[in-house]
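Note: hydrogens, waters and symmetry copies are ignored here, and every other heavy atom, side chains too, is used. As the structure is a prediction and not an experimental result, all values here were calculated from the model. Throughout, a chain's letter reflects where its sequence line sits, starting with A, and its residues are numbered from 1.
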Amino acid sequence: MIRIENLTKVFETPEGPVTAADHITMDVPDGEICILLGPSGCGKTTTLKMINRIIEPTSGRVSINDEDTTGMNTTDLRRSIGYVIQQIGLFPNMTIEENISVVPRLLGWDRKRTRERARELLDMVALDPSAFMGRYPGELSGGQQQRVGVIRALAADPPVLLMDEPFGAIDPINRAVIQDEFLRMQSELNKTILFVSHDIDEAIKMGDRIAIFRAGRLVQYDRPDDLLAHPKNDFVESFFGEDRALKRMQLARVRDVMEDDVPVVRHDDDLRRALELMDERGYHYAITLVNEHHQPVGMVMRSTAETRRGKCGEHYYGVDALAHLDDDLRKVASLMFSHDTTWLACVDEDGRLAGTLTQRGITRYLGATYRPQE
Amino acid sequence: MDIITFIADNVDVLVNRTIEHIALVAVAVGLAVATGVPIGIAITQSQRVANIVLYIASMVITVPSIALFGVMIPILSTIGQGIGYVPAVIAVLLYSQLPIIRNTYTAINDVDPALREAARGVGMSPMQRLRMVEIPLAVPVIMAGVRTAVVMNIGVMAIATYIGAGGLGTFISRGISQTDPRQLIVGAVAVSLLAIAADFGLLGLQRRLTPRGLQRAGG
């Protein structure tokens, strides 16, 4: 855990002292990504850089895993903390292998172990070690360089990672890819990460917690969903924008929102059976039709069941859009709009029906936090 | 024709003088690198000190070499070295300071701040940063300063013949005093050729010393 207590930085300038960070106090639990978010000049970067003492704090304390870092030797401290910067900062005079091996070398690891670690890390970010170890940073694309920047920070397996707008210089398409990659890595590595960003969507996507900074102060520190649903003041409210409730949609997964206990009909069921099931559940719209593998193939409309006779298999509409369990609600809502439907069947990895999702269900889910508690 | 005959008759002297000349410049510039590079690195710590040091080095370079030799005669005479090898080396050493200090200072100062921050961030000590990052990146520019110093001082060293330091300048001074254009021309051309050759040789060395990663990126 990273514990920050009353961390303060006052810069002396010709125009007088400027407080860049003002009594910042916060805890980052083990294995979580905490995003420091705010407009430029808000103190988020200063706060980050005081943790590995790239910037020396004026006062206050930082403890990592209950150890006060104030008295620690700065080089030892920095070797025990991974550090990724926006400009990447790969040393151009060193090969990729040498860049990755910098901290292990400073720590005095033996050659064999260092080399194995470099290979292992390159594999982890899907860069072929035999092709990349001997190359120089100038020969890599921006995205490749940033991947190397990240694994260099991970080389000595530090428990804590500091990232200063690490993906800020990468084009939007590659940024999304590298963010996903990083989240996948993090789900295995469980590092405790402080991550500076000025990109709200990045913060919502990456953060387990978000700390909002303004003018050197920590304004609100919460989980993304709480922050979006319950901004503490006007600043946070306007910072996230008028559409903040919509932003919450990318935080929720289909598996959390869908109704999983849903009735189904099969091809050879009678339409009367379909109507019966819909009545039982109070469905006004339709019921899902599945095949022998329990995969959704269509839906039988209530209007059809009321007016026709025969088997369900003779009177259904095919489904052309499906929601997957790990899709976020934003994607699902977009699917609904583009297919002009208020209802989607949700399937697991094998394509079997796992539940259904309706616009009303989404509204209920997102609205729950605003309803007065009974 | 005369000149060719003169060269043919004096090959051994010409070779000796050339070696003498190279040795003088090499020792002096070698000492200048040993002093100038550390000074150039040290002054990156303080803008004010840097300004003063660079100003003094610029002043030194404006002193005509003949005058510098003249000034050193009484001073060095106190240790019995008023003329000859020692004052010649000292003059070249002083003249070399400006290009070497200035290039070192500029090169170290120009290292990308992001790289410096990355180097601090991974936990390098100040000396490790210099050794592993800053100096390797500065080498091309420092070497360019050394080249300037060498080429410039091969010319200066030709004048050192007047204080009895030897070298290729001997041909020139004799050519003047004996009104012998053959010696004058041979001396002058030899000094020029030596300067050009040294420049090329050092350019090769500069390329060898430049880290491979910089060659591809920076060209």
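One N or O on the side chain of N93(A) and one on the backbone of M132(B) form a donor-acceptor pair closer than 3.5 Å.
Shown here is E120(A), whose CD atom has more than 12 heavy atoms of other residues, nucleotides or ligands within 6.0 Å. Within 6.0 Å of atom CG in D66(A), 12 or fewer heavy atoms from other residues, nucleotides or ligands are found, so the atom counts as exposed in its surroundings. The number of heavy-atom neighbours closer than 6.0 Å to CZ of R175(A), taken from other residues, nucleotides and ligands shown, is above 12.
With values rounded to the nearest 0.5 angstrom, Q86(A) atom CD is found 11.0 Å from E117(B) atom CD. Taking CG of D112(B) as the start and CZ of F91(A) as the end, the distance is 10.5 Å to the nearest 0.5 Å. Separation of atoms CE (M124(B)) and CZ (R105(A)) is listed at 7.5 Å; rounding is to 0.5 Å.
Of the two parts of L107(A), neither the backbone nor the side chain holds a non-hydrogen atom closer than 4.5 Å to a non-hydrogen atom of chain B. Only the side chain of I85(A) comes within contact range of chain B, with heavy atoms under 4.5 Å apart. Only the backbone of R53(A) comes within contact range of chain B, with at least one heavy atom under 4.5 Å from a heavy atom of that chain.
The minimum heavy-atom distance between R79(A) and Q128(B), with the atom names listed, is NH2-OE1, 3.1 Å.
Here G121(B) is the residue among A114(B), A118(B), G121(B) with the most heavy-atom pairs under 4.5 Å with chain A. In terms of heavy-atom pairs under 4.5 Å with chain A, the best-connected choice from A119(B), S125(B), G123(B) is G123(B). Counting heavy-atom pairs closer than 4.5 Å to chain B, the top residue among Q87(A), R78(A), E98(A) is R78(A).
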Would V122(B) and Y83(A) count as a side-chain contact (heavy atoms from CB on, under 4.5 Å) here? Give the steps.
CA-CA 7 Å; V122(B) 296; Y83(A) 189 44; over 6 Å; no
